[in-house]
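Residue numbers start from 1 in every chain, and the chains themselves are labelled A, B, ... in the order their sequence lines are given, proteins ahead of strands.
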Amino acid sequence: MPELPEVETTRRGIAPHLTGHTVADVIVRHPQLRWPVPRGLAGKLRGCIIQAVERRAKYLLLRFGHGTLILHLGMSGSLRLIDAGAPAAKHEHFDLVLDTGRALRLTDPRRFGAVLWTRNDPAQHELLRDLGPEPLGDNFDADYLYLASRKRTTAIKLFIMDSKVVVGVGNIYASEALFRAGIHPGRAAGSLSHERCARLVAAIRQVLHEAIRQGGTTLRDFTGGDGKPGYFAQELRVYGRAGEPCTACGATIKQMRQGQRSTYYCPRCQR
DNA sequence: CTTTGCACCTGTTGGC
DNA sequence: TGCCAACAGGTGCAAA
């Protein structure tokens, strides 16, 4: 479900309800997520104040004075604020109960998400340590992408989805950015000129910025922490549009598989 | 080192 | 209505 814009939308939705508030309890109903939810979280967090809600890649970081709770939504996860004690439906695996009478509830049918704890700097956590730059940060620019892609034979779509190259570009926005940059998704990463790398960087940044501005993309049931859906779906130019006409040239949008994922592109606009 | 494919898990959709 | 295959927005890991 969530790519970076959805995670960021979630972060912005939940942060005001968490920051500065105290944890009253932690309820783990189903500890088997991608990794087991660590035991003893309630004892570790009860009475502690959430100092900040940050994001690195698609990980949400709830900072406490003595460590950080790391949340990931996987493919199907979402976070909502609910009234504490509200009955839990199926797949509602985890609650962070606040002293405000509300709780942050994690729902995740496929359980590819994660709830982890680190007492150290989360940037040094093994899952975060080797991540590439943030796509919306200053370190992600044309020079970087050009240099990183030299001699790489992998398809450019897979390359920009590689979290060691740049984080946060998921399957929807990879297709969308490549369309906006006019680059064929199957082209070898190393074959891009510096100028085309610049176009691609700009397209990635633009599409992610715009998606965040629209509150993310809601294809099935994504909602931000406030329960509102994302409106970027109406801006999608190629994703999910196989067989429909290209918005730019009218050619038929095609679908192919790359790395067991669907890729959508315009065979005329993208080279 | 890079590249490729699988694995984790459940739900939805579409064809027959 | 039922059954089954294919697919779904992520990503760590093993194998080639």
Side-chain angles (χ1 to χ4, degrees), chain A residues 1-10 29-37 55-60 70-79 89-94 106-116 125-132 135 147-178 185-191 204 207-208 211-212 214-224 229-236 238-243 255-264:
Chain A
M1 179 193 301
E3 292 193 35
L4 186 144
E6 290 72 42
V7 176
E8 178 62 18
T9 296
T10 298
R29 298 185 195 81
H30 196 143
Q32 296 306 312
L33 301 182
R34 176 137 200 209
W35 295 278
V37 178
R55 179 187 59 72
R56 169 72 172 117
K58 295 170 191 164
Y59 295 91
L60 287 167
I70 301 174
L71 304 178
H72 197 285
L73 302 179
M75 287 274 269
S76 60
S78 61
L79 289 166
K90 199 176 177 183
H91 306 312
E92 300 188 336
H93 308 309
F94 175 91
L106 172 69
T107 306
D108 186 4
R110 293 177 74 178
R111 288 189 277 118
F112 291 167
V115 177
L116 300 168
H125 190 279
E126 57 178 10
L127 292 176
L128 309 190
R129 197 173 39 205
D130 299 323
L131 293 175
L147 283 173
S149 60
R150 290 312 85 187
K151 304 199 172 162
R152 295 291 297 267
T153 59
T154 194
I156 186 62
K157 183 194 179 224
L158 298 176
F159 187 72
I160 60 175
M161 290 179 69
D162 180 346
S163 63
K164 291 192 292 301
V165 173
V166 58
V167 301
V169 182
N171 200 42
I172 295 178
Y173 301 112
S175 282
E176 291 298 312
L178 287 164
R187 168 176 287 281
S191 74
I204 289 169
V207 80
L208 293 178
I212 291 169
Q214 302 260 10
T217 298
T218 295
L219 292 186
R220 287 182 172 72
D221 54 0
F222 169 78
T223 59
Y231 294 99
F232 193 73
Q234 61 204 26
E235 311 294 330
L236 296 176
V238 289
Y239 187 86
R241 296 194 60 241
Q255 178 176 8
M256 68 174 180
R257 300 233 15 121
Q258 292 182 289
Q260 300 87 236
R261 318 293 301 276
S262 284
T263 298
Y264 300 87

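Not a single donor-acceptor contact under 3.5 angstrom links the side-chain atoms of A:Arg261 to the base of C:dA8. The base of B:dC9 lies outside donor-acceptor range of the side chain of A:Arg111, with no N or O pair under 3.5 Å.
Residues A:Pro135 and A:Val167 are in side-chain contact: their nearest non-hydrogen atoms beyond the backbone lie under 4.5 Å apart.
As rounded to the nearest Å, C:dA6 and B:dC6 have P atoms that lie 13 Å from one another.
Between B:dG11 and A:Lys90, a contact under 4.0 Å exists linking OP1 or OP2 to a side-chain N or O. For B:dG11, the OP1/OP2 oxygens have a side-chain nitrogen or oxygen of A:His91 closer than 4.0 Å. Applying the 4.0 Å criterion to OP1 and OP2 of C:dG10, one finds that A:His72 has every side-chain N and O outside that range. Dashed line: the shortest gap from a side-chain N or O of A:Tyr59 to OP1 or OP2 of C:dG12 is under 4.0 Å. Close to B:dC9, at under 4.0 Å from its OP1 or OP2, lies no side-chain N or O of A:Ser76.
Atom CD1 of A:Ile172 is separated from atom C1' of C:dA8 by 10 Å (rounded to the nearest Å). At whole-Å resolution of the value, CG in A:Leu33 and P in C:dT11 are 15 Å apart. Between the P atom of C:dT11 and the CG atom of A:Asp108 lies a distance of 12 Å, rounded to the nearest Å.
A:Thr263 and A:Arg257 share no side-chain donor-acceptor pair at under 3.5 Å.
The nucleotide whose nearest atom lies closest to any side-chain atom of A:Gln255 is, among C:dG12, C:dA8, B:dG11, C:dA8.
Both thresholds, 5.5 Å between centres and 30° between ring planes, are not jointly met by A:Phe112 relative to the base of B:dC9, so the two rings are not stacked.
Only one option out of A:Glu176, A:Gln258, A:Lys157, A:Glu3 pairs with A:Asn171 in a side-chain hydrogen bond (donor to acceptor under 3.5 Å, both in side chains); it is A:Lys157.
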Could you go through A:Leu106 and A:Leu73, starting from their C-alpha distance and side-chain angles, then the distance that decides it, and tell me whether this counts as side chain to side chain contact (heavy atoms under 4.5 Å, CB included)? CA-CA 8 Å; A:Leu106 172 69; A:Leu73 302 179; 3.8 Å; yes

Taking only nitrogen or oxygen atoms into account, show me every contact under 3.5 Å that the protein makes with nucleotides 2-6 of chain B, one pair per line with its distance.
{"unit_1": "B:dT3", "atom_1": "OP1", "unit_2": "A:Thr153", "atom_2": "N", "d": "2.7"}
{"unit_1": "B:dT3", "atom_1": "OP1", "unit_2": "A:Thr153", "atom_2": "OG1", "d": "2.8"}
{"unit_1": "B:dT3", "atom_1": "OP1", "unit_2": "A:Thr154", "atom_2": "N", "d": "3.2"}
{"unit_1": "B:dT3", "atom_1": "OP2", "unit_2": "A:Arg152", "atom_2": "NE", "d": "2.5"}
{"unit_1": "B:dT3", "atom_1": "OP2", "unit_2": "A:Arg152", "atom_2": "NH2", "d": "2.6"}

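Listed here is the closest heavy atom pair of A:Ala177 and A:Val207: CB-CG1, 4.2 Å.
A salt bridge links A:Glu8 with A:Arg55: the distance from a Lys NZ or Arg NE/NH1/NH2 to an Asp or Glu carboxylate oxygen falls below 4.0 Å.
Both distances falling under 3.5 Å, in either a Watson-Crick or a G-U wobble arrangement, place B:dT13 opposite C:dA5.
Along DNA chain C, the nucleotide closest to A:Tyr264 and the one closest to A:Trp35 are compared, and the more 5′ of them pairs with A:Tyr264.
Within 4.0 Å of A:Arg34, counting heavy atoms only, lies at least one base atom of the nucleic acid.
Without hydrogens or angle criteria, A:His93 side chain to A:Asp108 main chain gives a donor-acceptor distance under 3.5 Å.
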